Structures are given as C-alpha cells and as structure tokens.
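From a predicted model like this one, the values you see are computed outputs, not experimental measurements.
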There are 2 protein chains.
Amino acid sequence: MAIPRAAKTLRRTRIQEEKEELILEAALDVFSVSGFRGSTIDQIAEVAGMSKPNLLYYFRTKEAMHRALIDRVLYNWLEPLRAFDAEGNPESEIRSYIRRKLEMARDFPRESRLFANEMLQGAPHVLDMLKGPLKELVDEKAAVIRTWTKSGKIAPCDPYHLIFSIWSTTQHYADFDVQVRAVLGEEHSGDGRFEDAARFLERLFIGGLRPD
Amino acid sequence: MAIPRAAKTLRRTRIQEEKEELILEAALDVFSVSGFRGSTIDQIAEVAGMSKPNLLYYFRTKEAMHRALIDRVLYNWLEPLRAFDAEGNPESEIRSYIRRKLEMARDFPRESRLFANEMLQGAPHVLDMLKGPLKELVDEKAAVIRTWTKSGKIAPCDPYHLIFSIWSTTQHYADFDVQVRAVLGEEHSGDGRFEDAARFLERLFIGGLRPD
DNA sequence: TGTAATGTTTACCAATCGGTCAAATTATCT
DNA sequence: AGATAATTTGACCGATTGGTAAACATTACA
C-alpha cells in the first residue's frame, strides 16, 4: 500500500526524484505553449510517456504540478537581475545584463513562455510573488540605477522603465520566436539572430543611456 | 427554418450585425486572457449574455469565432507600421511610431494579448499571415530604415531588430500589464505610467539611434 | 394581418476533462 | 527468498467540453 502523500516528501526515493523531474520537464513543454487552462493532464502524461494516474501519483492535481514547476523555475529566472551589481560601472553592468537575459531567452525559451502565459492570464498563480519579492528586487536595482543617473554616469531616465525595456526586448526573442522567425525568413532566423540582436540591443541601450 | 449558413453572409440582418459584434467583443475578452485552447464557448456565451446554441447560430465553431475575431482585429493592428513614412525625417517617424504603438497598448490591450497568446502557442492560426503580408510589410519598412542608416541619418543598425524592439517595448505595457502594475505599485501604476514610458522610450530610441 | 424567414431556447449527445480506486506490478530491505 | 513498501495501471466517475436537433418565438415584409 502506498504511503500517505504527506509523508512522501519526507523521504524521497530515487524513482521519485527521476519521475518528478520527468513530469516537470513534460509539464514545462505543455504549460509553456498552452497556458494553465489550455493544458491537460493527458497531454503532459503523453509527453512524459506515462499514464495519467501515474502522474497524479506524484502530483495530486494539475494545480500542484503547475505550482511545483513555477517554484522550480522562478529562482533561476531572476538570477540575472540579482547579479546586477551596484559596484560595477553602468555601461558594463547594463551590457552584461542584456547579454544574460538574451542568453536566457535563447537557452530557456519554454521558461520564458511559461511566465508570459502566466502574465497574459493576469498572473493568477504568481501575483503575490510579483508584488512581494520581485518588486523588492526591482526596487533595489532601480535605486542603484538612480544613483547612476543622479551622478551623471548615465542619462537621466526612469529606472523602472529601463528595466522593463530590457526585459521586453530580450524576452521577445523567446516569447515571439515564431514571429521573429517568420519575419526574418529561413535564412536569417538561425542561431546567428541572437548575435545580431545582442549587437543591436547593446548599441541601443548604451547609446540611448549615454549622458548628454 | 434558418437559411444555410453559407447564404447568411450574403445579406446581413440588423440583428446579425449587432449580435456578431456583441459576440466578437465577448470573444475578445475571453480569448485574450485564456488563449484559444483555454477558452470555452460557455465562457464567451456568458460574457455576451446569450445562450451557447445562440452563439453557435452565428459562428458555427469556436475556430470560426476565433478566426473572425483575428481577421477583424488584424488590419487595425498593423496600421501604425503602415503609417511609417519613408519621406518623413527619421527622428520624428520613429518617435511617432513609438507613440502610436504605445497608444495601441493603452487603448487596445486585449487585442495585444490576443496576438501574444497566438504567438506563444506557435501562431497556429496566423502563421501564413506572419510569413506573407506581415513579412512583406516589415521588409518594406526595413528597407526604408536601411536608407536612413546608409545615408548616416541614424546610426548603423539592423532595421529588423529595431522594429522588434519597438514592438516588444510598447506591447509589454499591454501584455505584461499585471507585472508592470505589481512592480510599480499602486501609486505609479495609474494612467501616468504611459507618459513615463513614452518619455523613456523616446529618449532611449532617439538617443540610441543618433549617428556617432 | 398573415406567413415565411430569422432568431432563440431546451434538451441532448459523444468526447474529453480532472481525478479516484483497487488491483496488479515492481523495487527495497532483511 | 520473503515480506513490505513503493510504483503503475485499467476501469471508472461526475463534470465540462464543443456541438446538434428540433421545437419555439420573433421579426420582416407582402
């Protein structure tokens, strides 16, 4: 007889680790495309190559799967912003933040789309995190940027909208990938487009923030 | 007895005009939040204040409703890019394009989210339009921008990524509205944020594209 | 006003949804 | 090996899904 679910998390088996990993991987595939409401447990089960009741043995509900997935992905997602350093010089900090965010869009497009889907739906599962930890982190970095504008190291500008614009331009290449590919055509939509994007964005932001 | 659906579009009744309008309005509400898969006919029927079979009298399937909605919204959505004028001077053209796109994000956020949802899902319903008409329009405008860079009127840069970055930064305020509000907090998330965004983005792009 | 076309609703359908259960299978440990 | 715990599955449940059929109600027009 299976042990009660509450106890399951106390001591985790090898199989548990492996299967939960497998499930969350499949869940990321599905949720990132169709969003929470548009995804079905059967879809995820098929991608994971296991039966639906077996999925539900590891995660009791669709909600629980989604929550576990978001929890797992969130920390890494904010890492680039956390790395944003007050001590460094503005130009190289902004440049490397753009780089890192663009690399995330290239290497983790599903994670980006997972959040984008969540945002479009009004962030029903992460609203508290947005208003709490995220806001605090952004406030902190915005304060750093403000010292740069005050001291004339970069042009005077609203630090929040600066952060938003870096988020949006970089994540665009993950979230709107299909549009980018369609517009650029087969020949320019390969991996080289990330280098082109990096070149453009660095020039845009560095040039746009140069003090007069 | 109802006339065959194919003939329905030949002569349209007053009631047909009104109800189809009502339905598409409700469909925009629902599809823009939950995407195609995540939305149900019942939801749309409830928002529209009519019964499900009545909806299906005007649009035979969920697909047909979605297609009609996208067709209706698409033309207006591309209007700002179409207005992008080769004869004008670069700075004011770019400035007013940003303004217009930002106004669209403010005044038609549901339309923006409708497309964003479509993109996240791999554009299953508009892929041909992206590869055809959209690509042609963007190619045309990119050629205009390239004449500006060649003649030194703006800094040398990839015109496609310039367009992408204007799209992404402006649409961000519609698609990620909930995140923007959460991070800015109650006090700064009012209508004034669009003015702040406009100021920031104009400075960013005009400054970033100024020839050395 | 009569009547034919148009519009609306109730009742319903098969398929799919999220989720349960008990039985069967497999892994673990002594 | 045998016992026990952990894992997996097929059968199933009630609710919801997209969609239909036909009766009913309303509108437009001669």
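Under the 30°/60° scheme for interplanar angles, the aromatic rings of Phe164(A) and His172(B) are found to be tilted.
Residue Tyr57(B) places none of its side-chain N or O atoms closer than 4.0 Å to OP1 or OP2 of dT8(C). For the OP1/OP2 pair of dT20(D) and a distance below 4.0 Å, the side-chain nitrogens and oxygens of Arg60(B) include no atom meeting the criterion. Close to dT8(C), at under 4.0 Å from its OP1 or OP2, lies no side-chain N or O of Ser51(B). Under 4.0 angstrom from either OP1 or OP2 of dT8(D) there lies at least one side-chain N or O belonging to Tyr58(A). Listed pair Gln16(A) / dT7(D) meets the phosphate criterion, a side-chain N or O lying under 4.0 Å from OP1 or OP2. Considering only side-chain N and O atoms, Asn54(B) lies under 4.0 angstrom from the phosphate OP1 or OP2 of dT9(C).
Atom-to-atom, CD of Glu18(A) to P of dT7(D) comes out at 11 Å; the value is rounded to the nearest Å. The separation between Leu55(A) atom CG and dT9(D) atom C1' is 13 Å, rounded to whole Å. Protein atom CZ of Phe59(A) is 15 Å distant from nucleotide atom P of dT20(C), rounded to whole Å. In this structure, Met50(B) places its CE atom 8 Å from P of dT9(C), rounding to the nearest Å. Here dA5(D) presents its C1' atom at 15 Å from CZ of Arg14(A), a figure rounded to the nearest Å. The CD1-C1' distance, from Ile44(A) to dT16(C), rounds to 15 Å in whole Å.
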Give every donor-acceptor pair under 3.5 Å between a side-chain atom in residues 197-204 of chain B and any protein atom, sequence neighbours left out.
unit_1, atom_1, unit_2, atom_2, d
Arg199(B), NH2, Asp196(B), OD1, 2.8
Glu202(B), OE1, Arg95(B), NH1, 3.0
Glu202(B), OE2, Arg99(B), NE, 2.7
Glu202(B), OE2, Arg99(B), NH2, 3.4
Arg203(B), NH2, Asp212(A), OD1, 3.4
Arg203(B), NH2, Asp212(A), OD2, 2.9

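A salt bridge is absent between Asp71(B) and Arg67(B); no separation between the charged side-chain nitrogens and carboxylate oxygens falls under 4.0 Å. At a threshold of 4.0 Å, the pair Arg100(A)-Glu103(A) does not count as salt-bridged, since none of the basic side-chain nitrogens sits closer than that to a carboxylate oxygen.
A cation-pi arrangement is found for Lys101(B) relative to Trp77(B), the charged atom lying closer than 6.0 Å to the ring centre and inside a 45° cone about the ring normal.
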Exercise for the section: Go along nucleotides 11-18 of chain D 5' to 3' and tag each nucleotide: B for a protein heavy atom under 4.0 Å from its base, S when only backbone or sugar atoms are that close, - otherwise. Expected result: B-----SB
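Take His125(A) and apply the side-chain contact (heavy atoms from CB on, under 4.5 Å) test, not counting sequence neighbours, and it matches Phe36(A), Glu63(A), His66(A), Glu118(A).
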Exercise for the section: Please step through salt bridge (Lys or Arg N to Asp or Glu O under 4.0 Å) for the pair Glu93(B) and Lys141(B), ending with a clear verdict. Expected result: CA-CA 11 Å; Glu93(B) 281 305 312; Lys141(B) 301 305 180 181; over 6 Å; no
